[in-house]
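Below is one structure, written out as structure tokens, with a few remarks after it.
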2 protein chains.
Amino acid sequence: MATLKDVAKKAGVSVATTSYVMNGSKLITEETKEKVLAAAKELGYRPNGNAKNLKKNKTHIIGFFLSGFTGPFFNELLEGIQVTVIKNGYEMVVCASDDKHRLLLEQYVDGAIILNYHIADELLDSLASEKFPLVVLDRDLENPHISQVLLPNKHGMKQVVDHLVEEGHQRIGFIAGSEESFDGESRLEGFKESLATRGLSFDKKDLLRADFTEISGLLCMKEYLDKEADYPTAFVSANDEMAMGAIKAVQQKGMKVPEDIAFTGFDDIDLSRYFHPSLSTVCVQKKQWGRIAAETLFHMLEKKHAVAEEEITIEFIPRESSLKGVMRD
Amino acid sequence: MATLKDVAKKAGVSVATTSYVMNGSKLITEETKEKVLAAAKELGYRPNGNAKNLKKNKTHIIGFFLSGFTGPFFNELLEGIQVTVIKNGYEMVVCASDDKHRLLLEQYVDGAIILNYHIADELLDSLASEKFPLVVLDRDLENPHISQVLLPNKHGMKQVVDHLVEEGHQRIGFIAGSEESFDGESRLEGFKESLATRGLSFDKKDLLRADFTEISGLLCMKEYLDKEADYPTAFVSANDEMAMGAIKAVQQKGMKVPEDIAFTGFDDIDLSRYFHPSLSTVCVQKKQWGRIAAETLFHMLEKKHAVAEEEITIEFIPRESSLKGVMRD
DNA sequence: TTGTATGCGTTATCAA
DNA sequence: TTGATAACGCATACAA
């Protein structure tokens, strides 16, 4: 691989001059500039980012670290971050990691956005610094160099519970995901709190545990229906997929949704509108989430533009799965 | 940020020794090792990847470069690559770029997988080398250091056309995506070739151009129906989203799918089964695609394990949208 | 306007 | 078993 030195030699100038040319310095004469550029082109010169970063102690890259590429729909979230990152003249790399987190540790990026439960709080706490700010999307962390950009899960759950209570439900069950999920658990908390506010009680046996997948929702609901004699008239699920699985289980038992049991989901994935019955759920603006996360990071990174104290937009969307006899199409 | 030198000083040994300890050399006594590790821990030492990469001229990172995070469903594809990359002891970074391609150019990665029409053939051609192999998923390129791992689009289209002809269709239209898409265009070609093989003709006016989105499919079909007096009895779409949009346009005109016009899609996105009518489509094993792409890259990178001459699995799935009076559920 | 020289943090060669 | 040191490719302070 051709280096600056090679280009310099070929152009008959010094390395410094070559470097100046490459960085567009105004001091260089048009003539030398052309010579150098020609030499660079001929040799197929490409700058070495590692050397550059090492020298400048700055990469102009931010990292987005997630736990894996399956699971929730990251597309919009990623898009929201990407757009903002480019707007700030940086690049983004996305990477999944489950134990080493090498790319997070070895100073490849100037800052990072975290949505990865594999990464321990303690690690993030020790990593964050003035020069290496972090934004977390999946935990509560007290640290001057870590900002949180969290979904208003409890706010969403309040809307769900309000809706169900208005529909006349008194006993409402909950389908939770894995306990490792921050959003999942805060949805559960929000649910309980909203029930309490309404003066309704929640029986532990109406709390089902699954793992956010459709099949897990189906299985845990099947087991529940087999075991229990009487059921809640409605179930709230921590995400859409599990709600869909649970609905299938209910239907397989010969019962009807929402007539026998009503359901609500969370996230508003594309499928929700097309599912039968269409799924009542909470629409989350993931792209906005990504934008705000990135903006928050750049604020810490460059101390410019004030922090937008903006809450992520969330909206309950009633559909067939929780509306008795309405909205059939 | 603490460096090896800092750790060395604190531990009272040389930088070299410290480096050995960090890299787990067997030559170091247990005693010095502990001293060094303790010092490193106390200082919160983290290796500097840029310095390491610069020195070793190797990053153990491969890059996956795509055009954006919206659009097709990348999740499975990404997962397929990720799993294989980890299995080979590397890390993967995913990045979207539309003009500078800095991360691709500046030697941050040891090799790359490309699915990004923004990157010109010429650039890839000049970049690829023994030390920097490339795998392309979206183009045909003749270069000893670039491997292609392409979807069997034509094979899939043959199955689609076979099916439609068996269903009795003679005049079949096509909904194409943007011309920049390699897969889209090769699906169109495959479609035309299969028609020709069957002895069927294809009228240019039955070729609609959209951009892979559902709304574009709806709009172009609406326009077509308004303009033309008689229609094909079936339309093949280059992807699922456009097919769904087009179906809506037909339904809005008061016509029935598949009775008046049948439709097929391509990709088998989740929604296809839930759409009404459920969409006949071609299921593409995207995870397998990712795995093969990564394996191919590692083959070039490390000259080990033979190249699997494996074609990506593709299967036509007939559903309601192209079956007359069958499979209603 | 251009060149010389230094150092970024690490690895690895060689010597001790 | 450990230490001194050169080198990786580049940017930049300073000199010319």
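We name chains A, B, ... by the order of the sequence lines, and we start the count at 1 in each one.
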### Query
Can a salt bridge be assigned to the pair B/E106 and A/R46 using a cut-off of 4.0 Å between side-chain N and carboxylate O?
no
### Task
Check every strand shown and say whether B/N53 touches a base, only sugar-phosphate, or nothing at a heavy-atom separation below 4.0 Å.
nothing
### Query
Would B/R139 and B/E185 pass as an ion pair if we require N to O under 4.0 Å?
no
### Task
Select base, sugar-phosphate, or nothing to describe what A/L27 touches, counting heavy atoms under 4.0 Å on all strands.
base
### Main-chain N/O of B/G177 paired to B/D211 side chain as donor or acceptor, under 3.5 Å
no
### Query
Using a cut-off of 4.0 Å on non-hydrogen atoms, how would the nucleic acid contact of A/N23 be classed: base, sugar-phosphate, or nothing?
sugar-phosphate
### Task
Identify, between B/A16 and B/A51, the residue whose nearest nucleotide on DNA chain C lies closer to the 5' end.
B/A51
### Query
So, for B/Y90 and B/F298, is the gap between ring centers shorter than 6.0 Å?
yes
### Message
Once you apply a heavy-atom cut-off of 4.0 Å, does A/T3 come out as touching a base, just sugar-phosphate, or nothing?
### Response
sugar-phosphate
### A/W289 side chain to A/V149 backbone, donor-acceptor under 3.5 Å
yes
### Query
How would you give the extent of chain A contacts on DNA chain D, as first and last nucleotide 5' to 3' within a 4.0 Å heavy-atom cut-off?
D/dG9 to D/dC14
### Touch class at under 4.0 angstrom, heavy-atom based, for B/L54 against every strand present
base
### Summary
CD1 (B/I81) and NZ (B/K286) are apart, to the nearest 0.5 Å, by 12.0 Å
### Message
Within the 4.0 Å heavy-atom criterion, would you say A/N57 contacts the bases, only the backbone, or no part of the nucleic acid?
### Response
nothing
